[in-house]
Amino acid sequence: EQVVLTLNKRGITNIPKDVNVSLLLDYSYSMSSHYSNGAVSRVLQRLLSISNVIDDDGNLELVIFENGANHVGTLNVSQFDTTDRIVDQIRSKYSMGGTNFAPAVDKILSVLSAGSSIGKAFGGFFGKKPAVEGKQLLVMISDGDNGDHKEFAQAVKTIESMPNVYLQCVAIGYDSRSL
C-alpha cells in the first residue's frame, strides 16, 4: 500500500504490472553488519512490496553474490513477514566472500533465460547472449567496490544489448563509492 501511495503522490496512478523484478544482493564480508542489523531484511521487504505492485506475477528472484553467485530462490509478497528468517537461512547456508558483480549478472540472466520459453526450447543455442522474455528490472544492492571491473563492464554491455533488461544499482552503507 505504501508503494502505491508514494507513486500516487508523484502522479503515477496507472501502474502496469508488466515488469519482472529480480534482486542481486551483495553477500560480501563488508555487508555482514547489514545482514545482522536488519537492513537486508528491510531491503527484502521493500523489494517484495515493489515487486507486488509492478511485477506481473509478484515473484522476486533472489541472487546473492560475493566472489561467485548463488540463486537463493523465488520470493513473493506472502513472505513479507518472514524476511528475518530468510536472511538467517542465507547466513546459515552460504559463506561470505569478496565482492564481484559480474557473477551476479551472469547468474540472474541464466535463471531468467532458463525460465523463458525460448531458453527452454533451445537451451544454449543462442550462445553467450541469453534469451530473456518480458521486461526485466534487475536491482543490484551493494555497499562497496567490486573486484571485477572489466568483467562487470562486459556484463553491463550484455545487458545494454538486451532491450528489455534494466539494471539499477543501489548503494547502501558507508563505503558505497563504486556504484
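The shortest distance between side-chain heavy atoms of Arg46 and Val43 does not fall below 4.5 Å. With a 4.5 Å cut-off on side-chain heavy atoms, Tyr27 and Arg91 count as touching. Here the side chains of Tyr35 and Met96 are in contact, with some heavy-atom distance below 4.5 Å. Here the side chains of Thr74 and Leu62 are not in contact, with every heavy-atom distance at 4.5 Å or above. Taking 4.5 Å as the limit, every side-chain heavy atom of Asn100 sits out of range of all side-chain heavy atoms of Phe65. By the 4.5 Å heavy-atom criterion applied to side chains, Val40 and Arg42 are not counted as neighbours. At a threshold of 4.5 Å between non-hydrogen side-chain atoms, the residues Thr99 and Ser142 count as touching. In this structure the side chain of Leu23 never reaches within 4.5 angstrom of the side chain of Val63, judged on heavy atoms.
Interatomic distance, CG of Asn20 versus CG of Leu137, reported as 9.0 Å (0.5 Å rounding). Separating the CG atom in Asn52 from the CG atom in Leu47 is a distance of 12.0 Å, to the nearest 0.5 Å. Note that the CD atom of Gln79 and the CD1 atom of Ile86 stand 4.5 Å from one another [nearest 0.5 Å]. Ser36 contributes atom OG, which lies 10.5 Å from atom CE of Met31 (distance to the nearest 0.5 angstrom). One finds the OG atom of Ser41 at 11.0 Å from the CZ atom of Arg85 (value rounded to the nearest 0.5 Å). Here CD1 of Ile159 is found 4.5 Å from CG of Leu167. Values are rounded to the nearest 0.5 Å.
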| request: Could you walk me through whether Glu61 and His71 pass the side chain to side chain contact (heavy atoms under 4.5 Å, CB included) test, one step at a time? | output: CA-CA 8 Å; Glu61 296 298 337; His71 179 230; 2.6 Å; yes

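Screening Val19, Val77, Asn76, Val21 against Asp55 for a side-chain contact (heavy atoms from CB on, under 4.5 Å) leaves a single residue, Val21. Exactly one residue among Leu138, Leu109, Asn59 makes a side-chain contact (heavy atoms from CB on, under 4.5 Å) with Ser22. That residue is Leu138.
Checked against side chain to side chain contact (heavy atoms under 4.5 Å, CB included), Lys157 has the following partners two or more places apart in sequence or in another chain: Gln154, Glu160. Applying the salt bridge (Lys or Arg N to Asp or Glu O under 4.0 Å) test to Lys135 and every residue at least two apart in sequence or in another chain returns Asp18. Scanning for side chain to side chain contact (heavy atoms under 4.5 Å, CB included) contacts around Leu48 gives Leu60, Leu75, Thr83, with sequence neighbours left out.
Side-chain contact, Ser30 with Asp143: a donor N or O sits under 3.5 Å from an acceptor N or O.
Heavy-atom minimum distance, Pro103 versus Ala69: O-CB, 3.4 Å.
Of the possible donor and acceptor atoms, none in the side chain of Asn70 sits under 3.5 Å from a partner among the backbone N and O of Val72. A donor-acceptor contact shorter than 3.5 Å is absent between the side chain of Asn67 and the backbone of Gly97. Remark: side-chain polar atoms of Asp148 are paired, donor with acceptor, to backbone N or O of Phe101 under 3.5 angstrom. Without hydrogens or angle criteria, Gln45 side chain to Phe80 main chain gives a donor-acceptor distance under 3.5 Å. A donor-acceptor pair under 3.5 Å links the side-chain atoms of Asp26 to the main chain of Ser28, judged by distance alone. The backbone N or O of Asp106 lies less than 3.5 Å from no partner atom in the side chain of Ser110, so there is not a single donor-acceptor pair.
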